[in-house]
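Read through the structure below, which is laid out as structure tokens, and then see the notes.
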Amino acid sequence: MRALLPRLLALSLAAAFPGAALAAQTYGLVVGVDQYPNDVSLDGAVRDAEDVYRSMSAAGFKVVKFTNAEARKDDIRKAWTDMVAEAAAGDTIIFTYAGHGAQMPELVAGDEADGLDEFLQLPGFDRNRYEETSREIIVDNEMNAWFAEAEGKGVHVLFVSDSCFSGGMSRSITGKSRLAPAVKVKLAAPSQEAIDGASLKEIDFKQVTVLAASLESQPTPEVIIDGEPRGALSWSFARAVEGSADRNGDGIITRIELEDYVFSNVKNRSEALQVPNFTPQVARSESEVVVRLTRGLPGNGEAAGDNATPNAFKPARELGWTGKIALEIDGDAEKPENADGAGTPFRWDVANGVFYTPNGDVAAENIGPDRIQAVVHKFVLLDFLKAMASQNPGSVSLRPVRDIYAAGDRLRFDAPAGRYPNMLVFNLANTGEVQFLDMQAAGTASSAFKLTDVEVVKPFGADHLITIRTAESVDAIGAVLADRNVTAAALLQALMTRLDGKEASVAIQPLYTREAL
């Protein structure tokens, strides 16, 4: 009788909480590589791996991690094999990779539309000694063979790839790209799987979802997040697994919830340099689940199923916001307040009046001592808004989509209707000015907001269009915004007083501009 009690208890819990899928287990295979002895090393991939590993472990997943020299193909393959062997139908394996990606001539003629296979580059690979080191790459065909093993057992797979295989940057980014040089000559396949897997395509799988850091035409740069080089996708995915993507708190993250969360936060954290790419592009169903969080199960501090409750919203300081930025000054000038923070600094060239982001972008031009404080306060406020957005990101867009816009370009900005009744829309200009655009208060549901036929004109740099939606009263914040002399510091104080730690959806649209070429 004693042996039957756990089974009966499990059946009772499953009946009481049908949405929790109590028996399902999630496995994590995490790989991150910074140190490439035979190629350009990276700065943030191991941080990405450690961050994702912590978030998965806290979520109750069974996780194995390989970083730098530990990331050997045979060991990664064995870890995958062991997970597939242990997993049962309905379980999930999440495989995350942060590091270099590259291309090579297709191994099977006619297999790829562009004639190129993609591969993940591990530390032991040396393209100048391919025959000796070919075991230290993982070709896309091989990965498809791995995925097929899991799908054959009814195991779900989510592959998160924070690397890139092609693309070029049009903005002056100083950080490193996760693109290794392509292999130019046709070479022998590194394994039989690399041949056999050519007949398997990601789009044909029924229980495999691939999340790539960027579109094929874009780079995947390392960007500065919280003062350190990171991958925007890995950072966003770690926050998603912590529960931020689980909008209704039911202990599961659907494909649509993950899309909404990742698309917005990758744009925020990469300053609109990249757009994540899902395969398949459209969710298989409205309720398709890609991540199960054990925190949603009974006994883990939150209810599950029909009793689910939305996540609590934390104040910005609990999310890492410090109220300061780091600033390096080239030239003779006094450092403004709130500019002595830690991490990779912004940079102000006093003589030329150019203000640079930690990523190396030109954020503002013609910034003299009379404007520098306003610019610093703008980025302190922007970091506050990014912290808010990391919990509940909204959706906005610019058309056409570009990394950078030139003088004379015409744009359209769209903020779709949301589920909250109150709305604020404003622009944080590259000069540090706050420009009030719209407010809606005491409505039954917020309406869409549009700016059409906007022309890019001087001054150039980085603007940030902001939309905030909330059920909280916004009248007092609107009054601050309506003041023609409002400063970023005054707006920050109003937002901290009224919305910090409250339920609010924040959408951020970076807009980088320059003189026409």
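- The backbone N or O of Val266 lies less than 3.5 Å from a partner atom in the side chain of Ser270, making a donor-acceptor pair.
- For the pair Asn338 (side chain) and Gly323 (backbone), a donor-acceptor distance under 3.5 Å is present.
- The list of salt bridge (charged side-chain N to carboxylate O under 4.0 Å, His left out) pairs with a residue in residues 378-387, not counting sequence neighbours, reads Glu271-Lys386.
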- Apply side chain to side chain donor-acceptor pair (under 3.5 Å) to Lys267 and Gln509, showing your working. CA-CA 8 Å; Lys267 177 167 67 174; Gln509 178 59 61; 2.8 Å; yes
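- Judged by distance alone, the side chains of Gln121 and Arg127 do bring a donor and an acceptor atom under 3.5 Å apart.
- Side chains of Ser214 and Thr220: a donor on one and an acceptor on the other come within 3.5 Å.
- No donor-acceptor contact under 3.5 angstrom links the side chains of Arg230 and Ser234, judged on distance only.
- No hydrogens or angles considered: nothing links the side chains of Thr67 and Glu50 as a donor-acceptor pair under 3.5 Å.
- Salt-bridge formation is detected for the pair Glu86/Lys62: a Lys NZ or Arg NE/NH1/NH2 atom is positioned less than 4.0 Å from an Asp or Glu carboxylate oxygen.
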- Tell me, with the steps shown, if Asp75 and Arg72 meet salt bridge (Lys or Arg N to Asp or Glu O under 4.0 Å). CA-CA 5 Å; Asp75 293 337; Arg72 294 178 292 271; 2.9 Å; yes
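- Contact detail for Asn38 and Pro123: the closest heavy-atom pair is ND2-O, 4.0 Å.
- Thr133 and Asp126 share no donor-acceptor pair across their side chains, judged by distance under 3.5 Å alone.
- In this model, a donor atom of one side chain and an acceptor atom of the other lie less than 3.5 Å apart for Glu118 and Gln103.
- Salt bridge absent: Arg292 and Asp91 never bring a charged side-chain N and a carboxylate O closer than 4.0 Å.
- Note on Glu142 versus Lys73: salt bridge recorded, some NZ/NE/NH1/NH2 to OD/OE distance being below 4.0 Å.
- Below 30°, between 30° and 60°, or above 60°: for Phe355 and Phe379 the angle between ring planes is below 30°, a parallel geometry.
- Note on Lys153 versus Glu149: no salt bridge recorded, every NZ/NE/NH1/NH2 to OD/OE distance being 4.0 Å or above.
- You'll find the side chain of Val139 reaches within 4.5 Å of the side chain of Leu107, heavy atoms only.
- Side chains of Ile325 and Val376 form a contact here, defined as non-hydrogen atoms less than 4.5 Å apart.
- Relative ring orientation between His100 and Tyr36 is described as tilted, the plane-to-plane angle lying within the 30° to 60° band.
- Scanning both residues, Asp403 and Ala272, for their nearest heavy atoms gives OD1-O, 4.1 Å.
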- Test salt bridge (Lys or Arg N to Asp or Glu O under 4.0 Å) on Asp500 and Arg317 and set out the steps. CA-CA 9 Å; Asp500 195 20; Arg317 289 195 184 276; over 6 Å; no
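- Taking 4.0 Å as the cut-off between side-chain N and carboxylate O, Asp330 and Arg347 count as a salt-bridged pair.
- When each of Val31, Val160, Val210 is tested with Phe95 by the rule side chain to side chain contact (heavy atoms under 4.5 Å, CB included), just one qualifies, namely Val31.
- Listed by first then second residue, pairs satisfying ring-ring contact (aromatic ring centres under 6.0 Å, His included) with a partner in residues 259-279 read Phe263-Phe278, not counting sequence neighbours.
- Between Met104 and Ile137 there is a side-chain heavy-atom pair separated by less than 4.5 Å.
- Taking the ring axis of Phe460 as reference, the NZ or CZ atom of Arg514 does not stay both within 45° of it and closer than 6.0 Å to the ring centre.
- The one candidate from Asp463, Leu465, Leu385 that meets the side chain to side chain contact (heavy atoms under 4.5 Å, CB included) condition with Leu428 is Leu385.
- A salt bridge links Asp409 to Arg402: at least one charged side-chain nitrogen sits closer than 4.0 Å to a carboxylate oxygen.
- Although no hydrogens or angles enter the test, the distance criterion places a donor-acceptor pair under 3.5 Å between the side chain of Asp349 and the main chain of Ala351.
- Taking 4.0 Å as the cut-off between side-chain N and carboxylate O, Glu222 and Arg47 do not count as a salt-bridged pair.
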